[in-house]
Amino acid sequence: MKRLLFTILLFVAGLGMTFAQAKISFDKLINNFGTFSENNPVQQCTFTFTNTGDKPLIINQAVASCGCTVPKYTKSPIKPGEKGTITVTYNGKGKFPGHFKKTITIRTNGVPEMTRLYIEGVMTEAK
């Protein structure tokens, strides 16, 4: 009888814990730099997100699809209801002019576990 009660207690506790989780919600998923000159190849934008869950949110990883793109993000846990940022710097120096689209993959302890952010723009040739 004690085993049965203990098993039920563990099940109920585990079930309750599955509903309590962090949740990441971004203000936007795409940033378009528009058109900029090869003379000014470094562009920067900030993605803002909110923890809409009820557990602290942790960004485990932010990885860009190319070495020309560098993400920096809030390292400390983000409490429920609080905001965090991911700042992305694109450096087009030495790259061919024209349209580009880069991906930044975000991995968290929350829902969703993985989110993709995108930056794009058109770098024109220096005159």
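Numbers here are sequence positions counted from 1. Computed from a prediction, not measured in an experiment: that's the story for all the values here. What's counted below: heavy atoms across the whole structure, side chains too, no hydrogens, waters or symmetry copies.
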Inset, instruction - Give a yes or no on whether Q44 atom CD has more than 12 heavy-atom contacts from other residues, nucleotides or ligands under 6.0 Å away. - result: yes
Inset, instruction - Give a yes or no on whether V70 and F47 share a hydrophobic cluster (residues Ile, Leu, Val, Met, Phe, Trp, Tyr; joining criterion: side-chain heavy atoms under 4.5 Å apart). - result: no
Inset, instruction - Could you check if a side-chain atom of T115 sits within less than 4.5 angstrom of a side-chain atom of T108, using non-hydrogen atoms only? - result: no
Inset, instruction - Decide if atom NZ of K102 counts as having more than 12 heavy atoms of other residues, nucleotides or ligands within a radius under 6.0 Å. - result: yes
Inset, instruction - Could you tell me whether K72 atom NZ has more than 12 heavy atoms of other residues or ligands within 6.0 Å of it? - result: no
Inset, instruction - Can you see which heavy atom on N39 is nearest to which on K127, and at what distance? - result: ND2-N, 4.5 Å
Legend entry - T74 side chain to T85 backbone, donor-acceptor under 3.5 Å: yes
Inset, instruction - Answer yes or no: is there a donor N or O on one side and an acceptor on the other, between the side chain of N51 and the main chain of I78, under 3.5 Å? - result: yes
Legend entry - 4.5 Å side-chain heavy-atom contact, F26 and I86: yes
Legend entry - Residue pair A62 / P71: nearest heavy atoms and the distance that separates them: O-CG, 3.5 Å
Legend entry - Residues Y73, I106; criterion side-chain contact (heavy atoms from CB on, under 4.5 Å); working and verdict: CA-CA 10 Å; Y73 56 93; I106 310 300; over 6 Å; no
Legend entry - Interatomic distance, K79 atom NZ to K55 atom NZ [nearest 0.5 angstrom]: 14.5 Å
Legend entry - P77 and I58, any side-chain heavy atoms less than 4.5 Å apart: yes
Inset, instruction - List the atom of C45, the atom of I119, and the distance in Å for their closest heavy-atom pair. - result: SG-CG2, 3.9 Å
Inset, instruction - Could you tell me whether a side-chain N or O of D54 sits under 3.5 Å from a main-chain N or O of Q21, the two making a donor and an acceptor? - result: yes
Legend entry - Point-to-point distance, once rounded to the nearest 0.5 Å, from CD of Q43 to CG of N91: 10.0 Å
Legend entry - L29-I104 co-clustered via ILVMFWY side chain contacts under 4.5 Å: yes
Inset, instruction - Could you grab the distance from atom CG of N60 to atom NZ of K75, nearest 0.5 Å is fine? - result: 11.0 Å
Inset, instruction - Could you pull out the closest heavy-atom pair between K95 and M123, with the gap in Å? - result: O-CE, 3.5 Å
Inset, instruction - Look at the side chain of E120 and the backbone N and O of K101, then say whether any donor-acceptor pair between them is shorter than 3.5 Å. - result: no
Legend entry - Any donor-acceptor N/O pair, D27 side chain to T50 backbone, under 3.5 Å: no
Inset, instruction - Mind checking the NZ-CG spacing from K93 to N40? Nearest 0.5 Å is all I need. - result: 12.5 Å
Inset, instruction - Take the angle between the ring planes of Y90 and F100 and call it parallel below 30°, perpendicular above 60°, tilted in between. - result: parallel
Inset, instruction - Report the C-alpha separation of M114 and T105 in whole Å, then their side-chain angles, then the decisive distance to 0.1 Å, and conclude whether the side-chain contact (heavy atoms from CB on, under 4.5 Å) test is met. - result: CA-CA 7 Å; M114 183 185 78; T105 303; 3.6 Å; yes
